[in-house]
K.L.:
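Sharing a structure here in C-alpha cells format.
Whatever order the structure lists ligands and atoms in, that order sets their numbers, starting from 1. Computation of the quantities below employed the complete heavy-atom set of this structure, encompassing side-chain atoms and omitting hydrogens, waters and symmetry-equivalent molecules.
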Amino acid sequence: MRPDAAATDALADSLARLLPGLESFTRFEGPDPAARRSLWRAALDEPLPEAGAGREAVLETLRTVVIANGLRIGAPGFSGWVTTMPTTVPAVAQLAGALVAAQRWWASPGNFLEVLALRWLARLVGLPDHFEGAFTGGGSLANLLGLAAARQHAGESHGFDPGLDGLARLVAPRVYASTEVHHVVLRACGVLGLGRRALRMVPVDARRQPDLRVLERFLDEDLAAGRTPVAVVASAGDVNTGIVDPIDAMREIAHARGVWLHVDGAYGGFGVLDPRVAPLYGDLSKIDSFAVDPHKWMAVPVGCGAGFVRDGGLLARSLTLEPAAYVEMAPTGTGDVRSPFDERGEGNPDFSLDHSAPARGLTVWAALKEIGASGMRARVVRHNDCARRVASRVREHPALELLAEPVLSICCFRVKPNGISDESALDALNEKVLLGVRARGRAIPSHTRVDGRFALRPCFINPRTTLADADATVDEVLAVARELGAIPV
Ligand SMILES: *Cc1c(COP(=O)(O)O)cnc(C)c1O
C-alpha cells in the first residue's frame with residue numbers, strides 16, 4: 001500500500017506512455033485539431049471527482065486528448081504569436097528542474113545554473129556585468145521589475161523610500177512611452193501605484209518612432225508643474241511591427257533630467273544579435289533597466305522572462321522581502337541572520353516578486369548550453385531574413401502592399417487589388433484572407449492594425465521556421481486572394 005493517493009514512483013513508465021504521442025505531436029501531422037474544440041471540451045469537462053481515477057487514467061487522458069489536441073504554435077508555418085513552442089532540450093530541462101530544483105532560492109545545481117544563466121543572458125544581449133536582476137514569469141513581470149526600480153530611484157531622489165513608506169510623497173508620478181508601448185507597461189504602472197493614467201503616450205512619427213520633441217516637452221512641462229517623472233520606457237521591438245525606438249536619444253533626454261530609462265526588449269531584445277540592426281539599440285551599457293523574454297525568441301517553455309537593472313540595490317529596496325521566523329535564524333545577540341538549512345542558494349529573493357518559484361533559468365542555461373551565442377545569433381538573423389523575404393515578395397507583387405518595412409522579424413502587409421482603395425473594403429477583404437489562410441493551415445500569420453489599416457502580420461520567432469515557410473506565407477495569401485476572386489488567377 002502506498003502512503004498517499006498520488007504516485008511518487010513509476011516516473012519512467014509514466015513518461016514512456018506519453019513519449020510516442022509527444023514525439024508525433026512535434027511532427028504536426030494531419031489536420032490541426034484546433035477546430036475540434038467542442039469534442040475535446042466534452043471529453044474533459046467534468047465535476048470535481050470524489051474518487052481519483054488513478055495514474056493510468058490521467059496519463060491516458062493526457063495521451064489521447066491533451067497531447068493529441070495540443071496547441072500547434074510550434075508548427076513551422078505558424079508565425080502568429082510572439083511566443084512559440086519550446087525546442088526539445090529546454091522543454092526536457094524544465095521537467096528535470098521541476099523534480100530536482102523545486103525551489104529556486106536554495107542551493108542546488110539548478111539554483112546555481114539559474115544565476116549563471118542570468119549572467120549569460122546579460123552578456124548575450126550586451127548588458128554590463130554589474131547589471132543584476134531575476135528571472136520572472138514573463139515580460140509582464142520583467143517590465144514591472146524595471147519600473148519598480150525606477151519608482152525606487154524617483155522616491156530616493158526626493159529623499160524617501162517608496163518601498164518602505166509608500167507613495168504618499170511621490171507627487172504626480174509620470175511615465176513616458178510611445179503610443180506603440182506594450183499594454184503590460186500600463187498595467188505595471190497601475191500595480192506599482194503610479195496609476196495607469198500616469199503613462200503619457202508620446203505620438204509617433206512616420207517611422208512609428210516616438211516624436212522626441214514631444215517627449216522633451218512632456219518631461220519639461222511635468223517638471224515645471226512639480227510632477228515627478230519616474231521613467232521613460234523605450235521599446236526594443238514592439239509587437240505590432242517590430243519597431244526599435246531610438247534608445248540612445250531617449251536615454252539622453254531622460255538622463256539630462258535625472259529620469260530612469262527602461263528598455264522593453266521582451267520580444268525584440270534578442271534582435272541586437274543581428275549585426276544589421278544592432279546599431280539601433282545604441283549603447284545598452286548606459287540604460288537603467290532592461291526586460292527580455294527567453295520564452296519568446298529563445299524558445300524556452302513559456303513562463304520565463306528576465307528583468308535587469310543597473311543598480312541591484314534599488315531593486316532590492318523596492319521589493320524587500322522582510323525576514324521571517326520560519327525561514328531564518330539569528331543566533332542570539334548577533335543580528336546575523338542565517339538559515340537553518342545548510343545553505344541559501346545564489347540569487348537574491350529581494351529582486352523578485354516570486355516567493356516559492358521554480359529555477360526558471362535552468363531552461364535558459366539549457367538553451368544556451370545547447371546552441372551557444374552563435375546558435376541564437378543565427379536564429380535571429382534567419383528570422384529577420386524571413387521578414388525581409390516576405391517584404392521583398394510583397395514589393396514585387398502588384399496586388400500586395402507593404403504596410404511597414406520590417407526592422408526585426410515581423411512583416412506587416414496586406415492584399416490591395418488594383419482598383420480597390422476604400423479602406424473598409426480593404427480591411428474586410430484582408431480579414432477574409434487571414435481566415436482563409438488560417439483554414440488552409442500551411443501558414444498561420446496573425447494580424448494587427450498599422451495606421452488604422454488591417455494588416456497581415458507574420459512574426460518569425462519559431463526555431464522550426466525557415467525561409468521556405470516565409471515564402472509559403474506569401475503564397476498562401478495570394479492563393480486565398482485568388483480563391484476569393486479578389487485578384488486574377
Ligand atoms: C510579449 C511582450 C510583453 C509581455 O511579455 P509576456 O511575456 O507576455 O508577459 C511586453 N512587451 C513586449 C514588447 C512584448 O513583446
K.L.:
Closer than 4.0 Å to some heavy atom of H295 - which atoms of ligand 1 meet that?
P.N.:
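Those qualifying, in numeric order: 7 (O).
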K.L.:
May I ask you to list the atoms of ligand 1 that are less than 4.0 angstrom from any heavy atom of G237?
P.N.:
13 (C)
K.L.:
Contact between D238 and ligand 1, counting heavy atoms under 4.0 Å?
P.N.:
no
K.L.:
Among all protein heavy atoms, pick the one closest to atom 10 (C) of ligand 1 and tell me residue, atom and distance.
P.N.:
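Its nearest protein heavy-atom neighbour is H182 CG, 3.3 Å.
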K.L.:
Please name the pair of heavy atoms, one in P203 and one in V214, separated by the smallest distance, quoted to 0.1 Å.
P.N.:
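Heavy atoms of P203 and V214 come nearest at CD-CG1, 3.7 Å.
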K.L.:
Could you tell me whether G139 and ligand 1 have an N or O pair separated by under 3.5 Å?
P.N.:
yes
K.L.:
For ligand 1, which atoms, with element, lie under 4.0 Å from some heavy atom of D293?
P.N.:
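Once the distances to D293 are compared, the set is 1 (C), 5 (O), 6 (P), 7 (O).
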K.L.:
How about R442: does its CZ atom have over 12 heavy atoms from other parts shown lying under 6.0 Å from it?
P.N.:
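Enclosed: over 12 neighbouring heavy atoms sit under 6.0 Å from CZ of R442.
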K.L.:
Can you tell which part of T83 has a heavy atom less than 4.0 Å from ligand 1: side chain, backbone, both or neither?
P.N.:
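Near ligand 1, T83 shows nothing, with every heavy atom at 4.0 Å or more.
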K.L.:
Given side chain to side chain donor-acceptor pair (under 3.5 Å), test T466 with D469 step by step and report yes or no.
P.N.:
CA-CA 5 Å; T466 63; D469 300 299; 3.1 Å; yes
K.L.:
Exactly one of R227, R200, R257 should register a salt bridge (Lys or Arg N to Asp or Glu O under 4.0 Å) with E221. Which one does?
P.N.:
R200
K.L.:
Ion pair present between R208 and E180, side-chain N to carboxylate O less than 4.0 angstrom?
P.N.:
no
K.L.:
Need the ligand 1 atom indices (1-based, order shown) with element for anything under 4.0 Å from a heavy-atom of S140.
P.N.:
4 (C), 5 (O), 6 (P), 9 (O)
K.L.:
May I ask you to list the atoms of ligand 1 that are less than 4.0 angstrom from any heavy atom of G138?
P.N.:
7 (O), 9 (O)
K.L.:
Around atom 13 (C) of ligand 1, find the nearest protein heavy atom and jot down its residue, atom name and distance.
P.N.:
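Sorting protein heavy atoms by distance from atom 13 (C) of ligand 1 puts D264 OD2, 3.3 Å first.
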K.L.:
Near V239, which atoms of ligand 1 are under 4.0 Å from a heavy atom of that residue?
P.N.:
14 (C), 15 (O)
K.L.:
Output yes when the distance from some N or O of ligand 1 to some N or O of K296 is under 3.5 Å, and no in every other case.
P.N.:
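Among all N and O atoms of K296, at least one is under 3.5 Å from an N or O of ligand 1.
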K.L.:
In this structure, is the centre-to-centre distance between the rings of F290 and H262 below 6.0 Å?
P.N.:
no
K.L.:
Between R388 and D385, is there a side-chain N and carboxylate O pair less than 4.0 Å apart?
P.N.:
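Salt bridge absent between R388 and D385.
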K.L.:
Hey, mind stepping through S446 and R457 against side chain to side chain donor-acceptor pair (under 3.5 Å) and telling me if it holds?
P.N.:
CA-CA 5 Å; S446 61; R457 171 192 169 276; 2.9 Å; yes
